[in-house]
Amino acid sequence: MSQLASITLMQNDDARPVIDSIIADNPGVKILTMPGAIKLDCEGKITVNRASVEERLGRPWNLQELHLVLISMAGNLDEDDDYFTLSWRH
Amino acid sequence: MSGTKKLGLRQRYEHMTRGLDWETTYQPMDKVFPYDQFEGIKIKDWSAWEDPFRLTMDAYWKFQAEKERKLYAVLDSFAQNNGQTGISDARYANVLKLFLTGVSPLEYAAHRGFAFTGRHLRGSGTRVACQMQSIDELRHVQTQIHTISHFNKYFDGLSEFPHMHDRVWYLSVPKSFFDDARTAGPFEFMIAVGFSFEYVLTNLLFVPFMSGAAYNGDMSTVTFGFSAQSDESRHMTLGIEVIKFLLEQHPDNLPIVQKWVDKWFWRGHRLLGIVAMMMDYMLPKKVMSWKEAWDIYFTEAGGALFQDLARYGLKMPKGAEIATAEAEHISHQNWCTFYQYTHAAPFHTWMPDNEHLDWLSEKYPNTFDKYYRPRWEQWAKMDKEGKRFYNGALVQLCQTCQIPMVYTEPGDPNTICFRETQHGGQRYHFCSDGCKDIFDNEPEKYIQAWMPVQQIFQGNCGGPTVPDVLNWYNLKFGVDNMDYAGSPDEALWNEWHADKVKAAS
Amino acid sequence: MSVVALDNQDYAAKTGPRDTRASYHGNIMVYVHWEEHLFFCAPLAFPLPPAMPFGALVSEVIAPHYAPHPDAAHIDWSAAEWMINNVKVKPDFNASLEANNIDHKSVVRFWTPGLHGETGH
Ligand SMILES: [Fe+2]
Ligand SMILES: [Fe+2]
Ligand SMILES: [Zn+2]
């Protein structure tokens with residue numbers, strides 16, 4: 001059975017580089033847009049990479065700034081300085 | 001300190017959160033933590049607790065302050081720009097009435113529950129997580145009151161929300177849910193609220209529903225909703241960690257945890273029926289149907305979760321299949337109830353117009369035309385003839401969920417589901433097997449329920465007549481209650497609208 | 001099963017129900033439901049004197065409360081089918097509620113042959 005790892009973010013300017021980097025870094029990502037929010041789903045695992053966001057943002061970015069635009073998520077969380085991963089794999 | 005390497009997130013977190021506690025010496029640990037054993041949960045090693053969000057207190061304050069700044073900037077500009085005049089329709093305001101009277105007080109109850117739980121679990125990692133969540137929940141209730149206070153300047157039914165939460169018949173449903181959780185032990189509370197409610201069910205409340213607020217032009221509510229929900233991600237993570245922790249600590253914990261998951265899934269499902277109704281009937285512009293939201297957030301997301309937890313032997317909650325079947329009925333059955341009892345509730349209801357009925361037929365192809373639309377059309381017809389239907393009698397309630405007995409037999413949507421238990425020589429009635437099972441497991445707890453209809457008949461709610469009771473609720477007759485058509489809210493909206501038309505011409 | 005509480009021994013002694021018959025000032029609480037008519041969303045609840053004749057329950061309580069439904073005017077009460085406390089019965093209209101086995105928190109359900117509401121058949 002399918003097991004989607006998922007992250008839901010606000011649809012605003014602060015979240016845009018994060019959304020773009022998730023789409024670029026997670027092949028096969030499925031996108032559900034709702035008014036004010038966007039839900040990104042990926043089979044098994046989905047990751048936000050700090051470097052990838054910084055590249056789009058053009059400034060250093062603390063991964064924990066993600067808290068400011070995060071709405072919801074699904075999967076077991078693994079968070080470090082450089083990545084934020086949700087997965088159903090062990 | 002020269003030459004010290006910068007610490008990584010993991011080490012920073014460990015330094016700031018571990019070693020904070022100690023073994024007590026003046027009093028034995030069991031006396032300091034008297035509540036964490038009677039439930040039968042066995043913990044061998046509290047230090048095995050994992051905190052996946054490595055958020056230290058200083059980072060927590062920094063991010064929460066930033067969230068508050070953003071939220072209050074939106075609230076301020078919404079008020080400054082008279083955002084209330086730009087919502088899709090004044091009917092939308094009824095969603096806020098239901099939310100403020102039914103949901104916001106639960107945030108406060110969650111705040112108190114997590115403060116208590118954090119105090120009474122003896123692992124320091126768990127305590128830090130519970131403490132943060134407790135503060136978050138206090139923030140949620142405060143920001144909700146602040147946000148909706150702006151609408152209170154214009155719309156009825158909002159001003160008495162804490163008083164009503166303690167008294168109004170249907171508000172005993174959410175109130176008793178949290179009372180039940182908070183009077184359980186700390187581990188059951190964590191499974192009830194942290195896991196079953198926050199992880200499995202709150203997405204359904206906050207994501208599609210708040211997105212609906214945005215779609216209906218309420219930028220202030222969507223902002224508090226998503227601001228709260230950003231904390232919710234942390235709460236969900238706490239919920240999933242607590243269940244993994246309990247299941248990893250001792251195999252004897254599994255049957256206890258499974259029973260709590262079954263119970264709290266069912267209680268949560270019943271509670272969320274109100275949200276189902278808000279989504280399908282009360283949002284003038286709709287984002288998705290309750291059934292669609294259920295498919296995404298329970299069938300799909302819950303499915304992935306329970307597939308993951310199967311490695312511990314944990315099964316899907318017992319009522320999951322019935323709840324999924326009910327997703328095609330629950331919003332209609334609840335709207336049917338509030339439509340006929342809106343004279344006793346501090347918000348307005350109405351019969352959907354034809355366009356809305358067609359939307360319901362399309363979203364509920366298996367059920368709406370067959371079981372509900374003919375009844376809705378009958379009421380619309382009666383309304384046209386000047387005989388708008390209000391049910392003049394009080395109703396039978398389920399002893400566990402305290403909802404009127406409106407739900408139907410699994411597989412038979414024309415027949416009310418009756419279940420009954422005898423205890424101590426008394427009859428007790430239930431809306432479902434799920435609610436009966438909960439009672440039968442702990443009858444001594446649920447016989448004490450403060451059932452609104454019973455209390456009215458005993459003379460404990462202001463007097464014997466409906467006006468006496470409404471008065472005791474602080475509900476203003478003809479203002480807060482009755483159909484939307486003819487309400488002061490409608491008159492105000494039409495006035496604003498006429499002004500707009502005048503200004504444009 | 002029994003409650004899980006810190007003070008398991010004394011729990012039952014310290015707590016109890018809040019809706020025993022004694023607290024209804026001489027009345028009993030009776031639930032009534034007209035089957036196949038979910039126009040009335042749930043069974044109705046009434047506090048009633050146990051000595052009330054069953055016929056009075058029908059004519060003074062049930063009939064007026066269900067009157068708003070278009071089927072109500074067509075009910076033939078002599079043909080109605082009754083279920084009291086989960087048992088199909090033929091009530092004695094002249095006898096009291098109590099004599100008809102209706103006690104505190106009893107459920108009285110009835111069917112009206114030929115009348116099935118908006119969605120029945
Ligand atoms: Fe909250
Ligand atoms: Fe929460
Ligand atoms: Zn129930």
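Order of the sequence lines sets the chain letters (A, B, ...), proteins ahead of strands, with each chain counted from 1.
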In terms of heavy-atom proximity below 4.5 Å to chain A, should B:Met219 be classed as side chain, backbone, both, or neither?
->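 No part of B:Met219 comes within 4.5 Å of chain A.
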Under 4.5 Å heavy-atom distance to chain A, tell me which part of B:Tyr199 shows up: side chain, backbone, both or neither.
->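 Contact with chain A involves the side chain of B:Tyr199 alone.
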Could you give me the CA-CA distance, side-chain angles and deciding distance for B:Gln229 and A:Leu70, then say whether side-chain contact (heavy atoms from CB on, under 4.5 Å) is met?
-> CA-CA 8 Å; B:Gln229 193 63 26; A:Leu70 190 60; over 6 Å; no
Is there a side-chain contact between [X] and [Y] (heavy atoms, below 4.5 Å)?
X        : Y        : result
A:His67  : B:Ser230 : no
B:Lys244 : A:Asn76  : yes
A:Leu32  : B:Ile296 : yes

Residues of residues 45-57 of chain A within contact distance of chain B, non-hydrogen under 4.5 Å =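 No residue falls under the 4.5 Å cut-off.
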What closest approach, in Å, do [X] and [Y] show between heavy atoms, and which atom pair accounts for it?
X        : Y        : answer
B:Gln307 : A:Ser2   : OE1-O, 3.7 Å
A:Gly36  : B:Phe226 : O-CE1, 3.5 Å
B:Ser233 : A:Met73  : O-CE, 3.8 Å
A:Gln3   : B:Asp308 : NE2-N, 3.5 Å

If you measure from [atom1] on [X] to [atom2] on [Y], what distance do you get to the nearest 0.5 Å?
X        : Y       : atom1 : atom2 : result
B:Thr237 : A:Glu79 : OG1   : CD    : 9.5 Å
B:Ser211 : A:Gln11 : OG    : CD    : 9.0 Å
B:Asn203 : A:Thr8  : CG    : OG1   : 6.5 Å

Which portion of A:Met10 sits near chain B, non-hydrogen atoms under 4.5 angstrom =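 Only the side chain of A:Met10 comes within 4.5 Å of chain B.
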A:Asp14 portion near chain B, given a 4.5 angstrom heavy-atom threshold |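 Contact with chain B: side chain only.
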Can B:Glu300 and A:Asp41 be said to form a side-chain contact (heavy atoms from CB on, under 4.5 Å), step by step?
-> CA-CA 11 Å; B:Glu300 191 178 288; A:Asp41 298 328; 4.2 Å; yes
Under 4.5 Å, counting heavy-atom pairs only, tell me which of A:Ile71, A:Leu68, A:Val69, A:Ile7 racks up the most with chain B.
->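 Highest number of heavy-atom pairs under 4.5 Å: A:Ile71.
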Write out, in numerical order, the residues from residues 58-73 of chain B with a heavy atom short of 4.5 Å from a heavy atom in chain A.
->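 Residues in range: B:Ala59, B:Lys62, B:Phe63, B:Glu66, B:Lys67, B:Lys70.
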Between chain A and each of B:Val222, B:Thr202, B:Leu305, B:Asp231, count heavy-atom pairs under 4.5 Å; write down the option with the most.
->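 Answer, by heavy-atom pair count under 4.5 Å with chain A: B:Leu305.
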B:Phe151 atom CZ, over 12 foreign heavy atoms within 6.0 Å |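 Yes - once you tally the heavy atoms of other residues, nucleotides and ligands closer than 6.0 Å, there are more than 12.
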